[in-house]
Structures are given as structure tokens and as C-alpha cells.
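This report refers to the structure that appears directly beneath it.
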Amino acid sequence: MEKIKMTTPLVEMDGDEMTRILWKMIKDELLCPFIDLKTEYYDLGLKHRDETDDQVTVDSALATKKYGVAVKCATITPNAARMDEYNLKSMYKSPNGTIRAILDGTVFRAPIVVKGIEPTVKTWKKPITIARHAYGDVYKATEMRIPGAGKAEIVYTDEQGRETRELIHEFAGPGIVQGMHNLDESINAFARSCFNYALDTRQDLWFSTKDTISKKYDHTFKDLFQDLYDAEYKEKFEEAGIEYFYTLIDDAVARVIRSAGGYIWACKNYDGDVMSDMIATAFGSLAMMTSVLVAPDGTTEYEAAHGTVQRHYYKHLNGEETSTNSVATIFAWTGALRKRGSLDGIDELVEFAGKLEEATIETIEGGTMTKDLALITTLEQVNAVNSQDFIKAVRAKLESKM
């Protein structure tokens, strides 16, 4: 069979630990045998990020803006233990945070629904999509360790040199302080992306923050969403028969648990990070969730929503068998390939992405799956396989479709 030709490269961001191992397996077994794969490759593995002082992360984001579509493997955000393990020069910030800050936009995350993997919340009948703001908050925060008694303030100096000060706290002893920021421009882009996505998918849109406590920071989010909705989207939503509403995040959590699903839940950056993990786990597995960053200019970056699966990686290094779920990573590739094919007018590439997704889902629904799913499936006949054998089973199913 002649391989499918690509005309424009994808930006490929390789990653860390077990997901890096799966990345290569997926390329070798599911992509390269069928596609003349063209990528502009960036190694975002922690060792190479350290060698480049994390410049490679910035370069990969700029390349994504250039080519319009990227696919990213899971990466490590180092903590103190990782500093020692990898002998790092610096405790680098989250690669995802760096990329999102450059691209802006919104991260949309939705569970991959498969027969036999039932949500743990019995009322959920349809997928719940998390729309996560992709800029600022704790991911761009400035932090300080307070050594002893003293005063901490927020200071704003305008272009004329005039200062405005707000007291944070009078410290009587050691403590910590953190400063976060966001931009009206980014919040408006987030709101617009959410409203457009809701209209495109004909789903209700919820938005939640904690404006009763954060009366300036969170309240600004609430106001900008409402102003844009009233000015540009209210009539469109009414014509489409869908609803937008705002509620406090604690109320939203209660509503989500009681709901049947089938809507978009928009959250600030960190809230979206946490709630997408909750939604993914409740629908079956963190490895069963799609994640795509959509920038205001249409640039898209596809990734898996989970981490690098450190525990399985150490087992792999010891020569032990692993059964790591690769579904979200496969779907990151299919999302990017579909988008690239759509932009370049390559129908064969779009069709291939669909066939690979079908092959993956049908493999699981046929009873062949990794151990994380085997533990929770309602299917009676189950074949729990290792990491590589699952990907090979998907390949066999894919070959029958090609």
C-alpha cells in the first residue's frame, strides 16, 4: 500500500518517561507504516530542556505558530526531587504553561467514551467537556519565601511612574507569598473561544469561578464573559437553543455530579487542570481523555491530558512488563493529523485519523485493553495486555480498515 503523503509538517514535541516510550511505539506501529510522516521535531525531554536552558520549549511553541498544528507528548514539570534526579541547572516551569503562554487560547478536554467503560457517576450519560483557560494564574505566578517579620505588598507603577499599593500581609514571622496575573485580552479570547465552541457543538456552556471571595481577580473573569455574551452571543445562543450561565465553582461541582453531562464547563487555568483530571478519572481513566489547545488565530496543539507515567517507566527500565494505556496519546496524534489534513486538503489523512480512532475504540470494545481499563470494564470477556501488545492489536484492527 502506498503511504499517505503530507505536504506541510506537524510540529512534534517529544516528551518524558513512559509516554516517550509509547510515543515511539505509536509512530513505529501505527503511523509510519501508513503515512509518509513529516514533522518538525523538538525534544522536550527534561534532559534536553536542561541542555538548552529550556529554549527548546520556546522554539517549539514558535514553530507551532508558524505551522499551525502541533502534537505533544507528556513532559515532566520538575520539582525538588527531579532537580536531584536529573541534576538540573534550574527548576524549569511547566512546558505546557510556557507553550500556552505563547499560544494563548483555550484547552478543550473531553473523555473518550467507549462501551464497557462506564462512568463512576451513574447519572452521567454524555461526555463533559472542560474548557480550560490557557494563560496565567499559578502557571505564570511569581513566588517568594518570606524569611521573617515584615510587610508584603502588591505594587503597580504606571507609565508616568505613579505607584498604587495594596497590602498583602503584615508578617510576624516566616511565610510565603505568591503573585498571579492575567490579561483582559486573554480572558476575552478565552470567552470567545468558549462561546464559539458551544455554538459549533450545540452544547450548553457553564462558566465558574469564585468571585464572592476574589472580588477583583475572579470577578473580572465573570464580568468579561458576561459583557461579551450580552454584546455578541446572546441572540446566537437563543437561536441555537443552548444556554450560557455563570455560577460559583463550588456550586458548579455539585451541579456536575448531579447532571447527565453533555455540556461544556469553562474554568480558569488551574481549576480546569484539576477538574479535567476529575472528569477523566470518573469517566474511566486519565489516559482516556482528549486535549487540544485552540489559539485565537486558529493554531492548535494536541496532547494527552495525563502525565509521564513515572512508575511504569521505572518498571520499564528494570526490564519489567508494563501495561500502560496509550489511548490519549494515540488520539493526540489523530487529532493533529486530522487537523493537518483538513488544513492542507488531504482527505486521505483525515480519513486515516478517523480509521485509527475507530480501530483503537473497537480494540477496547472487543475486549483487548490495558490493565487500567480491565480493572473497571463491564465487559465479560477481557484480554488484559501489555503496552506494546495493545498497540499491536490496534495495528491489526487498523490494517483491516486500510
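The figures that follow rest on heavy atoms only: side chains count, while hydrogens, waters and symmetry mates do not.
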Is it true that [X] and [Y] make a salt bridge, defined as a side-chain N closer than 4.0 Å to a carboxylate O?
| X | Y | answer |
| --- | --- | --- |
| Lys222 | Asp218 | no |
| Asp28 | Lys392 | no |
| Glu232 | Arg192 | yes |

Check: Glu301/Thr64 side-chain N/O donor and acceptor closer than 3.5 Å: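 Per modelled atom types, Glu301 and Thr64 side chains form no pair under 3.5 Å.
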Can you tell me if [X] uses its side chain to pair, donor with acceptor, with the backbone of [Y] under 3.5 Å?
| X | Y | answer |
| --- | --- | --- |
| Ser342 | Arg338 | no |
| Lys371 | Val385 | no |
| Arg395 | Leu30 | no |
| Glu17 | Tyr313 | no |
| Ser214 | Lys210 | no |
| Thr123 | Ser259 | yes |
| His219 | Asp211 | no |
| Ser387 | Thr324 | yes |
| Thr157 | Glu163 | no |
| Asn318 | Tyr314 | yes |

Got more than 12 heavy atoms from elsewhere within 6.0 Å of [atom1], [X]?
| X | atom1 | result |
| --- | --- | --- |
| Lys234 | NZ | no |
| Lys236 | NZ | yes |
| Ile176 | CD1 | no |
| Glu235 | CD | no |
| Lys115 | NZ | no |
| Glu166 | CD | no |
| Gln160 | CD | yes |

Audit row: Val294, Val292, side-chain contact (heavy atoms from CB on, under 4.5 Å) steps and yes/no: CA-CA 6 Å; Val294 182; Val292 56; 4.2 Å; yes
Cation-aromatic face contact Arg132/Tyr139, 6.0 Å, 45 degrees: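 Ring-cation test returns yes.
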Closest non-hydrogen atom pair, [X] against [Y]:
| X | Y | result |
| --- | --- | --- |
| Gly45 | Asp16 | CA-OD1, 3.2 Å |
| Pro33 | Lys27 | CD-O, 3.9 Å |
| Ala287 | His306 | CA-CD2, 3.6 Å |
| Ser291 | Ala304 | CB-C, 4.5 Å |
| Leu228 | Ala191 | CD2-CB, 3.8 Å |
| Tyr135 | Ser186 | CB-OG, 3.3 Å |

Working for ring pair (Phe, Tyr, Trp, His ring centres under 6.0 Å), residues His133 and Phe221: CA-CA 11 Å; His133 190 209; Phe221 276 81; 5.6 Å; yes
Give the ring-plane orientation class for [X] versus [Y], where under 30° counts as parallel, over 60° as perpendicular and anything between as tilted.
| X | Y | answer |
| --- | --- | --- |
| Trp206 | Phe245 | tilted |
| Phe237 | Tyr233 | perpendicular |
| Tyr244 | Tyr229 | tilted |

Centroid-centroid distance, Trp333 to Tyr302, less than 6.0 Å: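 For Trp333 and Tyr302, the ring centres are not under 6.0 Å apart.
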Check: Tyr42 ring centre within less than 6.0 Å of His48 ring centre: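 No, the ring centres sit 6.0 Å or more apart.
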Atom [atom1] in [X], atom [atom2] in [Y]: separation rounded to 0.5 Å?
| X | Y | atom1 | atom2 | answer |
| --- | --- | --- | --- | --- |
| Ile112 | Phe331 | CD1 | CZ | 4.5 Å |
| Thr299 | Lys65 | OG1 | NZ | 6.0 Å |
| Ile146 | Phe171 | CD1 | CZ | 4.5 Å |
| Thr220 | Leu183 | OG1 | CG | 11.5 Å |
| Thr19 | Leu22 | OG1 | CG | 7.0 Å |
| Lys355 | Glu357 | NZ | CD | 13.0 Å |

Intermediate values then yes/no, side-chain contact (heavy atoms from CB on, under 4.5 Å), Thr98 and Lys140: CA-CA 8 Å; Thr98 298; Lys140 294 287 287 183; over 6 Å; no
Asn96 and Lys72: CA distance, side-chain angles, deciding distance, side-chain hydrogen bond (donor to acceptor under 3.5 Å, both in side chains) verdict: CA-CA 9 Å; Asn96 288 339; Lys72 181 181 174 295; 2.8 Å; yes
In residues 373-380, what donor-acceptor pairs under 3.5 Å come from side-chain atoms, sequence neighbours left out?
unit_1 : atom_1 : unit_2 : atom_2 : d
Thr377 : OG1    : Gly116 : O      : 2.9
Thr377 : OG1    : Leu379 : N      : 3.1
Thr378 : OG1    : Gly116 : O      : 3.3

CA sep, side-chain torsions, deciding dist, call: Ser323, Asn386, side-chain hydrogen bond (donor to acceptor under 3.5 Å, both in side chains): CA-CA 4 Å; Ser323 184; Asn386 63 35; over 6 Å; no
Pair Thr201-Ile264, side-chain contact (heavy atoms from CB on, under 4.5 Å): steps then yes or no: CA-CA 9 Å; Thr201 59; Ile264 302 162; 3.8 Å; yes
Worked verdict on Tyr246 versus Thr209 for side-chain hydrogen bond (donor to acceptor under 3.5 Å, both in side chains): CA-CA 8 Å; Tyr246 171 84; Thr209 69; 2.7 Å; yes
Residue pair Trp265, Phe207: steps toward the side-chain contact (heavy atoms from CB on, under 4.5 Å) verdict: CA-CA 6 Å; Trp265 180 13; Phe207 178 51; over 6 Å; no
